[in-house]
Number of protein chains: 2
Amino acid sequence: MSSVLDGLAVDPASDRAVFRQIADQLRTAIRGGRLSEGDRLPSEAALIDHYGVARMTIRNALQILETEGLTRAEHGRGVYVRRKPPVRRLASDRFARRHRKEGKAAFIAESEQSGARPDVDMIRVNEMEAPSEISGRLGHAGPVIVRSRRYSLDGTPVETATSYIPADIARDTPIADPNPGPGGIYARLEELGHTLERFTEEVTARMPTEAEVRLLALMPGVPVFRLIRTAYDAQGRAVEVCDTIMSADAYVLNYELPAH
Amino acid sequence: MSSVLDGLAVDPASDRAVFRQIADQLRTAIRGGRLSEGDRLPSEAALIDHYGVARMTIRNALQILETEGLTRAEHGRGVYVRRKPPVRRLASDRFARRHRKEGKAAFIAESEQSGARPDVDMIRVNEMEAPSEISGRLGHAGPVIVRSRRYSLDGTPVETATSYIPADIARDTPIADPNPGPGGIYARLEELGHTLERFTEEVTARMPTEAEVRLLALMPGVPVFRLIRTAYDAQGRAVEVCDTIMSADAYVLNYELPAH
DNA sequence: CAGTGGTCTAGACCACTGC
DNA sequence: CAGTGGTCTAGACCACTGT
């Protein structure tokens, strides 16, 4: 009976803690392909037997791998090598006007092109005072229409987004309606005379909050992108700020930079 | 004697595990400002006394906060609320030619402008076959000059970068020299007739490897950005691929997107 | 039901810090 | 030196999974 553990042993005299040595060996087995995506790791009991250590030592080792995002523990089933989800690439021209022509919002149009089944839920719309982080980017304080929603692909949540539009622009328009109509709110903004001229995006990454873990069904060890996009019209006025949280293991962000 | 723990207790009958409840209460104290940046948390012994639980229960709670990046444990001293490092904003025009005129490489010029003391070390240059990830972006296989280095600000490492330039362009030029001269390798590429026309950047985020933790002196719970930039010359040829790893808590990436 | 991981207890010894 | 966190042992009971 051969096992991924064959020949592996720890050196109790080493400077490196035993649980780290065990984590190292399991990590090497995963990266080296001796344990593939979806494979089950030896159970805690098997590891305790093999290495001759206490359970907490094994659990500390497994915790390292989970924190690194390499494994996923399933209660009552075992610890598994995590499968990498399909990656979604965002092109930097995804908000170009030509992509808005067919009357579809950016997320829907893009996903259907890549063959995934897009879904939007948890849509909420209300009006409030802009938080300072938002009013700073909009360039003025005052009430805003807030549109929040969650996007999923093939049933898996991948991103939450909250848009802030100045109320003097959006109040009593389809933008303040849960369903803003074909082309999404960018199409409505242009119909209202706010031709979109440019966007800026600010990208940060961090570990998720507990609320984000729930909303995006995030696995442990997966960071999130926070992407704050500001849309400017032809007059140079900021007409929307969109605050997006994305599962980092599901996205690659592509950008095009000028050299001149 | 007042303490941040005053009035805090756990409900052993709750569905939520005791160590999570304790972590919740400490997190709330930090976010609510009752514990500020740099403050010491109550010691493990004090928490054991206060909550009347075993040490592992406390340590599990503290581990949650450390994984979230909220605290930092210092052996023999205590557990402290982590200070947020100064943030470095990268503008999307940072490689524009006009910024290259004064004869300084992008990182140096930019840092001095922001008042920090930049430093570059661990410079290594050699020639090898391009890894497939790189040759794919360069558009052809073959030998490449590999330049790797580490950037620091005020003595703190913030970023490692590895550039790959096709050897048929860079061999026996200053680009293959550890010190490529004023303006960096982009200035040299342009002198060699490769006028830089555009750049693409691909941004991902993930938890760091152990090697990255060492190189960038990363705190636990801090993800890294991986930014792969490809530089194209006026003929449309990819002349450099730069693979960068950045501490995510030290960076905000800014991009400008066209609307047309 | 047996086997799995989740939580928790009650100790032990060690290494590091600061006085 | 006392106080701190780092590592480790040897148990216990529980909740969840699959047969």
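Just so we're on the same page: letters track the sequence lines, and every chain starts at 1.
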message: Under 3.5 Å, is there any donor-acceptor pair linking the side chain of A:R55 to the base of C:dT7?
response: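 Indeed there is one.
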Does [X] place a side-chain N or O at less than 4.0 Å from the phosphate oxygens OP1/OP2 of [N]?
X	N	answer
A:R77	C:dG3	no
A:T57	D:dT9	yes
A:S43	C:dT4	yes

With the threshold set at 4.0 Å, does a side-chain nitrogen-carboxylate oxygen contact exist between [X] and [Y]?
X	Y	value
A:R229	A:E202	no
B:E201	B:R94	yes
B:R214	B:E212	no
B:R150	B:E159	no
B:R16	B:D24	yes
B:R55	B:E44	yes
A:R226	A:D243	yes

Whole angstrom is fine here: how far is it from [atom1] in [X] over to [atom2] in [N]?
X	N	atom1	atom2	result
A:F19	D:dT9	CZ	C1'	15 Å
B:I48	D:dT4	CD1	C1'	11 Å
B:E44	D:dG6	CD	P	7 Å
B:D49	D:dT4	CG	C1'	14 Å
B:D15	C:dG6	CG	P	17 Å
A:Q21	D:dC8	CD	C1'	13 Å
B:R59	C:dG6	CZ	C1'	18 Å
A:I58	D:dT7	CD1	C1'	14 Å

query: Is the closest side-chain heavy-atom distance between A:Y251 and A:L90 below 4.5 Å?
result: yes
- prompt: When you look for runs of 3 or more Watson-Crick or G-U pairs in a row, both distances below 3.5 Å, which of them include DNA chain C?
  reply: C:1-18 with D:1-18
- prompt: Which part of the nucleic acid does A:R20 contact within heavy-atom distance under 4.0 Å: base, sugar-phosphate only, or nothing?
  reply: sugar-phosphate
field: Earlier contact from the 5' end, DNA chain D, for B:M56 and B:P42
entry: B:P42
task: Strictly below 4.0 Å, heavy-atom distances to any atom of DNA chain D: list the hits from residues 60-75 of chain A, or just say none.
output: A:H75
- prompt: Looking just at side-chain N and O atoms, do B:E133 and B:Y164 make a donor-acceptor pair shorter than 3.5 Å?
  reply: no
